Amino acid sequence: MEFNSFWYLGLAALSILLLIYVYLKTKSNRTLLLFFAMVGFGYIVETVIYNIGHSYQYYPKLIKHDSFYDSNMGAIASNALALPVVATFIAALRKNWLWIIFFVSLFASIEWTFLKLNIYTHNWWKIGYTALGLLLVYFPLAKLFYQLLSRPLQGKLHSIVLFLCVSPISANLQFIPVMFFSIRYYDLGWFDMPSKDTTAFGAIYYLLACLFYVWIAKHHWKLKWFKYVLTPLLIYAVNLLLQKTGILHIQVWWDPWYYVILSVFVLKCTVTISKHLTTGPQKRLTQ
């Protein structure tokens with residue numbers, strides 16, 4: 001195992017263990033919904049500051065063929081595991097501000113350590129930005145979301161939380177095959193590397209797709225199966241259009257079919273999570 005990989009995989013493993021602990025402690029699906037929502041919120045922030053703004057660079061040495069995709073894996077360890085898991089721990093176990101200050105200090109120390117080890121670098125980002133973002137926004141927002149998840153959700157609030165919960169599922173299942181197997185890339189000429197173009201446009205793609213998933217899942221259909229026909233047809237048509245315009249370049253024969261199947265799976269997840277959010281935690285636990 002590479003020296004760099006040890007640190008990132010260690011952070012990921014500890015985060016997974018902490019998430020399992022919190023879930024076993026709470027015995028509530030609300031814990032997992034909060035975790036997904038915090039990943040979704042973090043991904044939106046990362047789309048702006050990392051995917052487009054290139055605020056920092058990770059060096060986990062997990063993907064050899066492309067340095068930016070390798071950096072994305074470091075971002076996943078941080079923003080899909082470490083940060084949202086700790087936010088879930090704080091909110092679900094009702095930890096006070098002393099715990100929040102402790103974890104803010106811990107993440108600032110981890111970031112400083114990674115910088116000193118040269119397994120992570122800043123472009124324009126600062127450790128202070130991380131600390132303030134966690135202290136003033138991210139961890140308090142986790143507490144707010146957990147309170148919201150304690151009751152049935154309706155209307156726009158239901159749609160927002162549903163979008164946040166579904167978006168990391170869509171994003172990870174879309175990006176991981178691209179990063180590891182190079183099944184496709186997007187060419188827009190925005191950046192100096194195809195992987196940067198692919199990451200930036202892919203983020204926009206999954207966010208727009210998730211808006212559609214939320215809309216179609218919440219729409220009342222006389223024929224319930226129709227949405228499972230319309231969704232893959234639309235996704236296939238969008239990909240075909242992107243390919244015809246020269247934006248999308250497909251590298252393997254199974255890519256179009258993977259995205260069609262993925263769209264049905266994510267829609268099913270959206271419908272299931274939507275029902276959980278609508279019924280509330282008490283009914284959820286008795287199912």
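None of these values were measured; they are calculated from a predicted model.
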*For the pair H158 (side chain) and S274 (backbone), establish whether a donor and an acceptor sit closer than 3.5 Å, ignoring hydrogens and angles.*
yes

*Side-chain (N4) to main-chain (I119) donor-acceptor, under 3.5 angstrom*: no

*Can a cation-pi geometry be assigned to R184 and Y259, taking NZ or CZ under 6.0 Å from the six-membered ring centre and within 45° of the ring axis?*
yes

*Verify the ring-centre separation between Y8 and Y59: is it less than 6.0 angstrom?*
no

Within-4.5 Å side-chain heavy-atom neighbours: [X] and [Y]:
| X | Y | result |
| --- | --- | --- |
| L18 | V86 | yes |
| L83 | F103 | no |
| W112 | I127 | yes |

*Could you go through the side chain to side chain donor-acceptor pair (under 3.5 Å) check for S263 and T231 one step at a time?*
CA-CA 7 Å; S263 69; T231 297; over 6 Å; no

*How about W124: does its CH2 atom have over 12 heavy atoms from other parts shown lying under 6.0 Å from it?*
yes

*Single hit among F68, W190, W125 for ring-ring contact (aromatic ring centres under 6.0 Å, His included) with H54*: F68

_Suppose we screen for side-chain hydrogen bond (donor to acceptor under 3.5 Å, both in side chains). Which residues come up paired with Q174, at least two apart in sequence or across chains?_
none

_Among T270, L162, L208, which residue satisfies the side-chain contact (heavy atoms from CB on, under 4.5 Å) criterion with Y213?_
T270

*Using the ring of each side chain (for Trp, its six-membered ring), is Y69 parallel, tilted or perpendicular to H65, with breaks at 30° and 60°?*
perpendicular

*Will you find, in the side chains of Y120 and Q57, an N or O donor that is under 3.5 Å from an N or O acceptor?*
no

*N51 and Y43: side chain donor to acceptor below 3.5 Å*: no

*Check each of N123, T199, N79, N72 against Y50 using the side chain to side chain donor-acceptor pair (under 3.5 Å) test, and report the only one that passes.*
N72

*Determine which pairs satisfy salt bridge (charged side-chain N to carboxylate O under 4.0 Å, His left out) with at least one residue from residues 56-70, sequence neighbours left out, and list them in order.*
E2-K64

